[in-house]
Amino acid sequence: VASAADNRTLKQLAVSELKTEEIDGERKVKLFKIGIDASAWMHSVCAVFQFNHAGAGKSPELRTLFFWLGTLLKLPLHVVFVFDGLKHLPEKGRMVRNSPHWLTCDFQRMLELFGFNIQAPGEAEAELATMNAHGVIDAAMTKDSDILIFGAPCIIRSTKKDKDYLNVEVYTEDGLEHGASLAQGDRLLIALLAGGDYDEGVSGCGIKIAHKVAQHSKIGQEMLHAFLSLAPELFSERAKELVMELHSMLATDPYHFLGRQYKAVADSIPLEFPRCEVISKYVDPITSFSATRSSTLAAQDVLSCQPHLADIADFCRVQFGWDDDTIIERMYGGIWEGAYLCTLCKVRITLFVDNC
């Protein structure tokens, strides 16, 4: 999907999307709203200190998250962090997460002090995509490729070499469909063939083969349309027809789109392919919007909060072992600037919150 990416800095994106709106007869600043996958941040920062942890000082992972949050605070953005809700997390084919990440408690506390936080009832990527689709946030930021299938209209991913989440790739649904020639149904088919979080896929079918099949056929788009529009028994019949078309394309490569024949892969397609429960987890995942099933969602107002400066100082003293001079120096370099920006651009957004 690299051909569909718009490469920018996060600051460029934030500034370019700044708008004003009239509320109660008064012109106010409207900030670009992004939702961030908290798990991606926690796993990323742990990878940084996988080696030489002992020589990195006190709480190096949490300290790095602190500096990243300070960077975000200085940008004209409204930021919402979304965590995996373990109580409702669907079981995955390759990995089941049944306990929070060890950084979760301290990270959430730090987010509260900075004015950021939200909890998801299921997978964070699914929640972010649904929030984005319903206009609660303007973009979803995560490294998890599942969000490409969940249908988020605007996706932000940090570039591979960027460790501070400042240089990003922006993907839109229009860009993916026309720039990369991959509609949502095509991306679903790739996941079903190559395998993903919920299924092992078809034996021998890697991402390159799956991509060619999806890009040069309408199988994925027709499969998604059938799943969304037909009753289960009618979908089953239509799926059989599409699987026959898929088998023929892999086994014979009639139009030479694949570059060769993949008879072994074709013969490896399981009898139950595609499994409805797997498609459902991609197309209709559990989110905080699942209970309403309505375009008019019950919503709760959430304010962009000022950072709690005194409490942040206490947190740094306890968690990082910083003395007063160090705290003043570190906060002067980022936190105070961000607090001033929050004062200038304080806005209210609509955010659906479910703490189940």
Notebook entry, point to check: Do Asp186 side-chain atoms and Ile190 backbone N/O form a donor-acceptor pair below 3.5 Å?
Noted result: no

Note to self: According to side chain to side chain donor-acceptor pair (under 3.5 Å), who are the partners of Glu277, at least two apart in sequence or on a separate chain?
What the structure shows: Arg275

Next item on the list: Could you go through the side-chain contact (heavy atoms from CB on, under 4.5 Å) check for Asp199 and Phe273 one step at a time?
Entry: CA-CA 11 Å; Asp199 189 73; Phe273 184 89; 5.7 Å; no

Item checked: Inter-residue atom distance Ile327.CD1 - Leu309.CG, 0.5 Å rounding -> 12.0 Å

Check: Ignoring hydrogens and geometry, is there a side-chain-to-backbone donor-acceptor pair from Glu169 to Asn7 under 3.5 Å?
Finding: no

Next item on the list: Work out which heavy atom in Ser158 is nearest to a heavy atom in Lys143; give both atom names and the distance.
Entry: OG-CE, 3.2 Å

Notebook entry, point to check: Are the side chain of Gln221 and the backbone N or O of Lys218 linked by a donor-acceptor pair below 3.5 Å?
Noted result: no

Check: Just wondering, do Leu77 and Leu31 contact through their side chains at under 4.5 Å, heavy atoms?
Finding: no

Notebook entry, point to check: Going through the distances and angles, do Cys46 and His101 end up as a side-chain contact (heavy atoms from CB on, under 4.5 Å)?
Noted result: CA-CA 11 Å; Cys46 285; His101 191 282; 3.5 Å; yes

Check: Who passes side chain to side chain donor-acceptor pair (under 3.5 Å) against Thr130, sequence neighbours left out?
Finding: none

Note to self: So Met131 and Phe289, do their side chains get closer than 4.5 Å, heavy atoms only?
What the structure shows: yes

Item checked: Closest approach of Asp146 to Glu125 (non-hydrogen atoms, all atoms of both residues) -> OD2-OE1, 4.4 Å

Check: Which residue pairs satisfy the side-chain hydrogen bond (donor to acceptor under 3.5 Å, both in side chains) criterion with at least one member in residues 201-217, sequence neighbours excluded?
Finding: none

Note to self: Tell me whether the count of non-hydrogen atoms from other residues, nucleotides or ligands lying under 6.0 Å of OH in Tyr340 goes above 12.
What the structure shows: no

Note to self: Just to verify, which of Leu73, Leu69, Leu113 counts as forming a side chain to side chain contact (heavy atoms under 4.5 Å, CB included) with Pro307?
What the structure shows: Leu73

Note to self: When you measure from the side chain of Thr64 to the backbone of Pro60, do you find a donor-acceptor pair of N or O atoms at a distance under 3.5 Å?
What the structure shows: yes

Item checked: Student check: side-chain heavy atoms of Leu230 and Ser236 closer than 4.5 Å -> no

Notebook entry, point to check: With Phe150, which residues qualify under ring pair (Phe, Tyr, Trp, His ring centres under 6.0 Å), at least two apart?
Noted result: none

Notebook entry, point to check: Do you know the tightest heavy-atom contact between Tyr282 and Gly196?
Noted result: OH-CA, 3.7 Å

Notebook entry, point to check: Out of curiosity, does Phe235 fall in the hydrophobic cluster containing Leu228 (side-chain heavy atoms, cut-off under 4.5 Å, transitive links)?
Noted result: yes

Next item on the list: Go through Ser39 and His43 one step at a time and tell me if the side-chain contact (heavy atoms from CB on, under 4.5 Å) criterion holds.
Entry: CA-CA 6 Å; Ser39 296; His43 287 293; 4.2 Å; yes

Note to self: Do Leu10 and Phe32 have side chains that approach each other closer than 4.5 Å (heavy atoms only, starting at C-beta)?
What the structure shows: no

Next item on the list: Indicate yes or no for a side-chain donor-acceptor contact from Asn132 to the backbone of Ala152 under 3.5 Å, with no hydrogens or angles considered.
Entry: no

Item checked: Electrostatic pair Arg317-Asp314, nearest N-O below 4.0 angstrom -> yes

Check: Do you know which two heavy atoms are closest between Leu246 and Leu193, and how far apart they sit?
Finding: CD2-CD2, 3.8 Å

Margin query: Please enumerate all residues that pass side-chain contact (heavy atoms from CB on, under 4.5 Å) together with Ala38, with sequence neighbours excluded.
Written below: Phe81, Phe83, Phe107

Checklist line | hydrophobic_cluster_shared for Tyr332 and Leu72, side chain cutoff 4.5 Å | finding: yes

Check: Taking C-beta and beyond as the side chain, do Thr343 and Gln306 meet within less than 4.5 Å on heavy atoms?
Finding: yes

Check: Using the benzene-type ring in the case of Trp, are the ring centres of Phe66 and Phe320 under 6.0 Å apart?
Finding: yes

Item checked: Working for side-chain contact (heavy atoms from CB on, under 4.5 Å), residues Ile312 and Met110 -> CA-CA 8 Å; Ile312 290 177; Met110 194 158 55; over 6 Å; no

Check: Are Ile279 and Leu234 connected in the hydrophobic side-chain network, where two residues link if heavy atoms are under 4.5 Å apart?
Finding: yes

Next item on the list: Could you walk me through whether Arg187 and Glu173 pass salt bridge (Lys or Arg N to Asp or Glu O under 4.0 Å), step by step?
Entry: CA-CA 11 Å; Arg187 303 191 298 268; Glu173 184 62 34; 2.8 Å; yes

Next item on the list: Please examine the side chains of Ile328 and Trp336, heavy atoms only from C-beta on, and report whether any two atoms are closer than 4.5 Å.
Entry: yes

Notebook entry, point to check: Any idea which heavy atoms bring Leu166 and Thr71 closest together, and the distance?
Noted result: CD2-CG2, 3.2 Å

Check: Once you round to the nearest 0.5 Å, how far does OH of Tyr262 lie from SG of Cys205?
Finding: 9.0 Å

Notebook entry, point to check: How many angstroms lie between atom CD of Gln108 and atom CG of Leu103, to the nearest 0.5 angstrom?
Noted result: 11.0 Å

Notebook entry, point to check: What's the spacing between His308 NE2 and Phe114 CZ if we round to 0.5 Å?
Noted result: 11.0 Å

Margin query: On a heavy-atom basis, which atom in Glu61 and which in Val45 lie closest, and how many Å separate them?
Written below: O-CG2, 3.4 Å

Checklist line | Heavy-atom check, side chain of Asp197 versus side chain of Asp144, under 4.5 Å | finding: yes

Item checked: Approximate separation, where rounding is to 0.5 Å, of Lys33 NZ and Asp138 CG -> 5.0 Å

Checklist line | All side chain to side chain donor-acceptor pair (under 3.5 Å) counterparts of Thr20, not counting sequence neighbours | finding: Arg27

Check: Could you state the interatomic distance from CZ (Phe116) to CD1 (Ile36), rounded to the nearest 0.5 Å?
Finding: 8.0 Å

Checklist line | Heavy-atom check, side chain of Glu222 versus side chain of His225, under 4.5 Å | finding: no

Item checked: Main-chain N/O of Cys276 paired with Ser280 side-chain donor or acceptor, under 3.5 Å -> no

